[in-house]
Amino acid sequence: MSSSITPARKRLMKDFKRLQEDPPQGIMGAPVENDIMTWHAVIFGPEGTPFEDGAFKLTLTFTEDYPNKAPVVKFVSRVYHPNVYKDGSICLDILQNKWSPTYNITGILTSIQSLLDEPNPNSPANAEAAQLYRENRREYERKVRDCVEESWSSDEEEEEDEDEDGQDGDDDDDGADGDAPDADKPDAAEQ
Amino acid sequence: MDDEETFMAMSDDEEFPVGGSDDEDFGEDNDDVMVDDDDDDGDDEAMFGVEESGAPTLLVDETQCTFITADELIAQQVHLIKEISSVLQLPHGTARVLLEHFGWSKEQLMERYWTEDHDKLFADARCIQPKDMKDQCDEDMCSICGNDNKEELLQIGCGHGFCHECWVAYLEEKILSQGKQSIECPEYNCNILVDESTVTSLLKGPAHAETLARYYERVADAIVDSKKTMRWCPAPDCKFAVIAPHSKCKMVKCKCGFEFCFQCGQENHTPVLCLMLKAWLKKCADDSETSNWLQAHTKPCPKCASVIEKNGGCNHMSCRKCKHEFCWICLGDWEPHGSSWFNCTRFNDSETAVVREKVDASRSLLKRYLFYFDRFKNHQSSRQFEEKLVKAVDWKMKQMQKQGWGWVEVQFLIQAVATLQQARRVLQYTYVFAYYLKKTPQCLIFEENQADLQMQTERLSEYLEQRAAKMDDLHNLKQQVMNLRAYCEHRLQKLVEHVEEGYKVGFWEYDEKIAEEMVGQVDEFNESLEL
Ligand SMILES: [Zn+2]
Ligand SMILES: [Zn+2]
Ligand SMILES: [Zn+2]
Ligand SMILES: [Zn+2]
Ligand SMILES: [Zn+2]
Ligand SMILES: [Zn+2]
C-alpha cells in the first residue's frame, strides 16, 4: 500500500506545495524525511502579543483517513496556554468536532497561531493558565514569556527534542478531551 | 399524610430522568389521545389478560399499541415528504430537511412555515431557500482534493463543490465511522444539511450498499428518536418499533411477543418502577456486594495480614499461615480470652465496638440482599425452565386435537402457560420491590399478596409440569387448568393493584437510599394515571 499514492498522500503533497508557494506570516512546516504522514512545524508567536519572538515547534501526525479525519497535532515546545495540555495536546474545536475535510495544513497552523493570542478560557486544558489569564494577566504574561525564552534555548538541544518526540506516541490522541490528568499541573507552576 | 406532603414539596423542581420532558410533544401524542379514565378500574372483577381501557397502567396494554418496521417508517416518511413538497411547492430535499427539523410533524411545519420569517426558518433548519439556491459551484476546484475537473464537481445549493470521490469518502466517514444521518456540507463553517436524495444518489451501486443500508438504519433510528411515542423493541433480532398511545406508557407488548417497559426499555418489570429496577440492576452488577460479603466473613490476620475466613460460630481464630491465634471480635491475642469461655477484654472498647458494628451491619445488610436476590434469581431460573413447557403443552394440544377437540377449545393450555410466565416474571420483580420497601403495615399486606401469588403460581406450574401431560380425562384437565389459571390471574391482579394503589396514594415507604430518587418517579407515575 505504501508505494501507491493514496488520496491522503496526494492531498498532503498538495498541502505541502501550497504551504511552500504561499507561506502565511510566521508559519513553517514540512513533512519528515521519507514520511509524508508525519510533519514538523514551527509557529512563531504573533507580534504584539506575549508570545512574540517565540518559536514553538509542533508535530502533526496524519492517517490515511486524512482529510476526512483531522491529524493529531501536538506542541513539542512547552507552551503555557489555557488550551494546551502539559503533554502538548491542543484543545481546539477544528481539530475535533468542528473538523472539516476542506481544512488543510495551512489552515490548521494558522488557526493554532491565532489561538495563541485568543485563548478560549471555557475549555481550559491548563486550569492555572486559564485562571491567570482571567484574573492576573501580568502573571500570565510573565509565564508566557518564560516559555517564549525556553522555545529558543531548547532549540539547540536537538536530543531533548527527539526525546519528547518519542514520548508523544505513548499518551496520544485523547489528550485534548478536556480531562487529561495533567491538566491541573502545568509545568510553570513548579517554578 | 406525611409522605405525600414530602412528595408534593419536592416534586416541583425535580427533573425526571425517565421519559424526558413531554411538554413539547409533537402532533399525534397529544393528551387527548389517551381516553383512559380512572373510574372504571376500581374493581378487580375484570380478569387480567382481558385488557380494557381501564386496565392498570402497570399491566401490559396490548390493544393500544401499533407496530412498524424501519422500511415502513421510511415509506411513510417518503409519503409525507411528497405531500409537503407538493403543498408547499418545495423541492423534495428541502421538504425533507424541513420535516426532519420539525420532528416529522406535518402540522408543526405547516404552522411555522406560514407564520415565521423564512430567512430564519430555513437558517434554523440548516437548509437553503429555493430562491437562494445556487446552480453552480463557487469555485472551479474541489476544495477537498483540488480536483479541477469542473464536470465532476457537485454542490448542494450552497455553492461548495466537491468531486464525487471526495463526497463519497466524506459520507463514508460520517455514516460508518461517526454513525450520523444528519450530515452537514463538508465545507468548513457551512452547516447546510446534505439531503437524503443526494446521499442516495452519491452512494449508488453495490460498492456502497452497506454504507447506504447503515445510513437508512440511522435515518429510521432518528425518526424513532424524534417521536416520544415510538421505541424500538429491545428483543434481539426484532425489527419492530412500537408506537404507544401516549408517551407515558409503561409496559407494552411488541408484535413479536416481547413485553417491555416503554420508559426504560428493559423487559416488563411490573410492579417495580424503572428507577428501582435500575438501582437493583446496578446493585447486582456491582461487586460491592462481594466486598460486603468479604467484610462480613473475613478479616486479615492481625499478625501476617493474610485473609482469614470465618466459617463457624467460634470466635477463636487461628491463622493457617502464621499460626497466630486471635479473637475474631477484638482481633486481640487469644491468650487472655482462653481462660473463660468468653472473656474478650476489649469487647467494650469503643474502637472495636465501631469495627464490630460495621461488620454486623454489613452482615445483616448482606443477608437481606441475599434473601431477595436469591428469590429473584429463583424465579428467573424457573422462568427459563418453564420455557420448555411451551413445547410440552404444544404436544398435548396436538394430541387433544387428534382426539377431536377443536383448535379454539385447546387454547386454554397455552394461555395457562402464558399466565404462568407472566406470574413468574411479576414474582421475580416483586423481590426487587420488597428489597427497597420499608416494613410498614401496607408492606405486610404486600408480602401476603406475594405469598398468595407465589402459592398459586407454584400450583399452576406443578400441575402443568407434572400432571397435564399424563391426564387422560381431558375435560377434567381443562377444568382444572382453567381454574388454576383463574386463581393465579386473580392473585396477580390483586398484587399489582395493591402496589399501584400504594404509588397513587403514596403509602409505600422506601429504603432511605432509594426514597429520594423515588420521589420523581412516583410523581411521574401518578401523572401518567391522570392522563
Ligand atoms: Zn475532490
Ligand atoms: Zn456548503
Ligand atoms: Zn419485538
Ligand atoms: Zn422501566
Ligand atoms: Zn497470620
Ligand atoms: Zn476478644
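Model, not experiment: these values are computed from the prediction. Proteins get letters first, then strands, A, B, ... in listed order; numbering begins at 1 in each.
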(request) Answer with side chain, backbone, both or neither: which region of A:Pro67 has an atom nearer than 4.5 Å to a non-hydrogen atom of chain B? (result) side chain

(message) Shorter than 4.5 Å, heavy atoms on both sides: which option in B:Ser177, B:Ser143, B:Gly146, B:Pro186 has the most such pairs with chain A?
(response) B:Pro186

(request) Could you walk me through whether B:Tyr188 and A:Trp99 pass the ring-ring contact (aromatic ring centres under 6.0 Å, His included) test, one step at a time? (result) CA-CA 7 Å; B:Tyr188 177 62; A:Trp99 172 256; 9.0 Å; no

(request) Answer yes or no on whether A:Arg137 is positioned over the face of A:Tyr133, meaning its NZ or CZ is under 6.0 Å from the six-membered ring centre and within 45° of the axis. (result) yes

(message) Once rounded to the nearest 0.5 Å, what's the spacing between atom OG of B:Ser197 and atom CD1 of B:Ile156?
(response) 10.0 Å

(request) Heavy-atom pairs under 4.5 Å with chain B are the metric here; pick the option from A:Arg11, A:Arg18, A:Lys98 that has the most. (result) A:Arg11

(message) If I measure from the heavy atoms of chain A, does B:Glu187 come under 4.5 Å with its side chain, its backbone, both, or neither?
(response) both

(request) Give a yes-or-no answer on whether the side chains of B:Trp232 and B:Asp221 include a donor-acceptor pair shorter than 3.5 Å. (result) yes

